[in-house]
Protein chains: 2
Amino acid sequence: MAAQRPRRQPTLDEVAERAGVSRSAASRVINKAPHVSRATREAVERAIKEMGYLPNRTARALATRQTGIVALAVSHDDPELFADPFFAQVIVGVSAALEETDLHLLLCLASSGRGRSRLTNLLHTRGVDGIMLMALHGDDPLTHIVRRAGLPAVYGGRPLNFEPQWYVDSDNLGGARLATEYLIGLGRTRIVTITGPMSTDVGRARHRGYREAMIMAGLTPYATAEGDFTETGGAAAMKSLLDSHPDLDAIFAASDDTAAGALRVLIDAGRSVPADVAVVGFDDLGMAERTDPPLTTVHQSVQALGREMTRMLVDLIAGHEPSSIILPTKLVLRDSA
Amino acid sequence: MAAQRPRRQPTLDEVAERAGVSRSAASRVINKAPHVSRATREAVERAIKEMGYLPNRTARALATRQTGIVALAVSHDDPELFADPFFAQVIVGVSAALEETDLHLLLCLASSGRGRSRLTNLLHTRGVDGIMLMALHGDDPLTHIVRRAGLPAVYGGRPLNFEPQWYVDSDNLGGARLATEYLIGLGRTRIVTITGPMSTDVGRARHRGYREAMIMAGLTPYATAEGDFTETGGAAAMKSLLDSHPDLDAIFAASDDTAAGALRVLIDAGRSVPADVAVVGFDDLGMAERTDPPLTTVHQSVQALGREMTRMLVDLIAGHEPSSIILPTKLVLRDSA
DNA sequence: GGTAAAACTGGAAGCGCTTCCAGTGATGTT
DNA sequence: AACATCACTGGAAGCGCTTCCAGTTTTACC
């Protein structure tokens with residue numbers, strides 16, 4: 001048995017006929033437009049209720065040139081990246097914000113070439129009213145496509161190469177500085193950092209925060225190893241740092257995963273945390289509570305990121321002029337520092 | 001400065017005019033319909049290329065009554081549930097499958113009442129061509145709505161109250177049996193289980209698998225405590241089991257989070273794992289590798305779940321008659337048992 | 001009571017596409 | 001040579017809604 005044939009939804013014409021008014025009148029009451037007499041409105045409302053009428057989205061979209069859908073695009077070569085809890089949090093934030101509107105969320109994991117061209121097509125064919133972009137790599141062609149499509153667009157996090165007109169970002173620089181200053185305040189001086197990929201803005205900003213804090217405190221940045229935000233990357237970096245600077249006494253890791261990897265290596269090397277080596281991470285997306293010892297880390301509010309991106313996009317679509325936002329980060333003290 | 005005005009996309013009429021043919025002819029070549037002469041096709045194709053024409057999605061949707069969008073709905077009261085890595089994996093699977101089609105994914109976190117009514121509206125207004133439903137609680141009104149809307153629908157996991165016509169599910173029963181049999185094979189006899197919520201089908205199926213394995217082996221199910229799939233829930237259940245059955249020698253936990261909580265309590269209570277107590281979890285979504293000791297667990301392929309749901313829905317939309325699927329689970333041996 | 005302005009109304013023209021249909025010319029069959 | 005058949009074509013009628021506009025009624029005000 002196939003899906004049961006739905007009984008056809010009534011159309012506006014039918015509603016109008018039943019209410020004994022013209023289609024335009026009916027349309028006006030549905031859209032709460034002015035110039036509708038009380039009698040007309042009530043007749044139409046009654047007919048709507050009786051017939052269970054709901055306006056057809058597509059038809060309305062065609063007439064108004066508004067789809068009522070916004071896209072969230074995660075453009076990254078590795079589809080598994082999406083498994084990072086970061087995105088789930090973004091989506092929770094986005095959804096919460098959309099719930100206060102009439103917009104729906106279209107999710108686009110544009111990893112492959114095909115995925116990207118599908119997204120491009122979606123934009124060019126006016127399949128959505130606006131787009132939120134995340135995790136672009138530096139010279140993502142999507143950037144140009146979005147521009148050329150002239151579609152309202154907001155960025156989550158800044159791409160490396162250019163400053164988008166509208167973006168929401170966490171205060172990575174400030175957070176990194178905060179973390180490093182805290183380590184300095186603890187009396188540590190041989191503070192090293194494991195960065196994220198230097199090919200990303202996040203990676204660079206968090207590194208820069210570390211350097212600035214060190215220099216402002218009159219210390220020299222003790223050592224740097226590049227990680228990739230992953231646990232294994234963190235472990236590898238930790239090993240090489242331990243080799244080259246065995247006397248290090250604190251670490252600022254650019255992500256909690258990185259920190260977790262570092263932590264493991266440190267323990268294995270017989271260092272006690274935080275007594276011998278203090279460790280601070282970045283993100284605070286759950287993982288930080290589950291390391292051993294629990295991780296002191298810089299908290300960023302990812303749901304807020306999603307929420308603010310959405311609000312910004314909604315504003316943009318409504319024709320307003322929002323301004324970009326940087327969300328504060330804060331230090332969360334646990335046991336690793 | 002507002003988003004730059006996009007230069008208007010050319011329409012089919014304009015393409016037809018440029019190619020010197022009628023609109024219907026142009027439409028035919030775009031849709032690769034028959035009855036198009038070579039000359040016509042080439043003229044139209046040239047015009048399309050020259051003008052950079054792309055058919056307007058909405059207009060096409062109105063004419064064909066197909067939106068080219070499918071929904072994935074997560075209907076659950078707690079929006080945070082979505083943060084569970086499970087859903088990210090589902091989405092990766094869904095996206096991969098959709099990439100081979102011309103469909104896009106609309107994601108609907110229908111937690112609040114408002115969220116649900118927005119979803120309802122989306123369905124009734126024919127905003128999507130089909131829907132995948134997940135995480136419904138027993139008597140979710142969505143079920144009826146979907147039915148009434150007569151929309152192609154597939155379920156991810158079975159709801160408690162009824163067997164949907166089309167669903168994809170992991171073999172929870174079989175997995176639980178596998179886990180328990182393994183513990184039995186280890187020579188354990190005082191095997192307890194911490195279940196998921198008994199108000200869910202997953203919870204019940206995994207419990208039933210445990211009981212069946214025990215009974216088939218001639219053992220009596222030693223003790224059961226109800227958990228809620230979370231780490232804290234697992235810890236609480238573990239405590240009470242340890243109280244009432246201090247001599248237990250193995251645990252089948254209905255999820256890895258549950259197992260992690262149990263593990264913590266066991267270690268704190270001075271039991272060694274797996275020597276004193278063997279522990280097996282369920283899910284294998286990353287967490288299992290990070291517990292101490294790493295968790296022996298039942299692996300379910302969540303990406304496959306997403307992928308198969310999608311394929312099933314696509315089939316359904318195409319008018320075919322797919323059949324429901326149960327995906328095998330398998331035991332992954334690590335150190336906890 | 002007369003006028004100007006305002007409120008209301010329905011007809012009609014879109015939005016950009018698909019698809020049915022009747023008509024044309026080309027091809028094939030006896 | 002007459003006929004049926006087929007591929008092709010463009011006109012026209014949708015899909016279900018919004019919105020402009022011109023006309024009609026009401027209201028407000030002197």
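Values in this document were obtained by computation on a predicted structure and should not be read as measured data. Residue numbering restarts at 1 for every chain, and letters A, B, ... go by the order of the sequence lines.
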[X] has a side chain; which of [options] sits nearest to it?
X: Asn31(A); options: dC20(C), dT18(D), dC15(C); answer: dT18(D)
X: Ser27(B); options: dG11(C), dT19(C), dT9(D); answer: dT19(C)
X: Ser24(B); options: dG16(D), dG10(C), dT19(C); answer: dT19(C)
X: Arg28(B); options: dC8(D), dC20(C), dA13(C); answer: dC20(C)
X: Ser22(B); options: dG10(C), dG10(D), dC17(D); answer: dG10(D)
X: Ala59(B); options: dT9(C), dT18(D), dG16(C); answer: dG16(C)
X: Ser37(B); options: dT9(D), dG10(C), dT18(D); answer: dT9(D)
X: Leu62(A); options: dT9(D), dC15(C), dG10(D); answer: dC15(C)

Starting from [atom2] on [N], measure out to [atom1] on [X] and report it in whole angstrom.
X: His35(A); N: dC21(D); atom1: NE2; atom2: C1'; value: 12 Å
X: Arg23(A); N: dG14(C); atom1: CZ; atom2: P; value: 14 Å
X: Leu12(A); N: dG10(C); atom1: CG; atom2: P; value: 12 Å
X: Asp13(B); N: dA13(D); atom1: CG; atom2: C1'; value: 14 Å

Would you kindly say whether Asn121(B) and Ser117(B) are connected by a side-chain donor-acceptor distance under 3.5 Å?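 The criterion, which ignores hydrogens and geometry beyond distance, is not satisfied for Ser117(B) and Asn121(B).
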Cut-off 3.5 Å, side chains only: do Ser75(B) and Arg116(B) have a donor facing an acceptor? yes
For the pair Thr310(A) (side chain) and Gly93(A) (backbone), establish whether a donor and an acceptor sit closer than 3.5 Å, ignoring hydrogens and angles. no
Mapping Ala25(B) and Thr58(B) to their closest nucleotides on DNA chain C, which lands nearer the 5' end? Thr58(B)
Classify the side chain of Arg126(A) and the base of dG16(C) as holding, or not holding, a donor-acceptor pair under 3.5 Å. no
Give a yes or no on whether a donor-acceptor pair under 3.5 Å exists between the nucleobase atoms of dG16(C), that is its base, and the side chain of Arg57(B).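 In this structure, the two groups form no donor-acceptor pair.
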Select base, sugar-phosphate, or nothing to describe what Arg65(B) touches, counting heavy atoms under 4.0 Å on all strands.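 Arg65(B): backbone/sugar contact only, no base atoms under 4.0 Å.
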Nearest-nucleotide check on DNA chain D, Arg41(B) vs Tyr53(A); residue mapping nearer the 5' end is Arg41(B)
When rounded to the nearest 0.5 angstrom, what distance separates CE in Met51(B) from CD in Glu17(B)?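 Those atoms lie 8.0 Å apart.
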Is the distance between the ring centroids of Phe162(A) and Tyr155(A) under 6.0 Å? yes
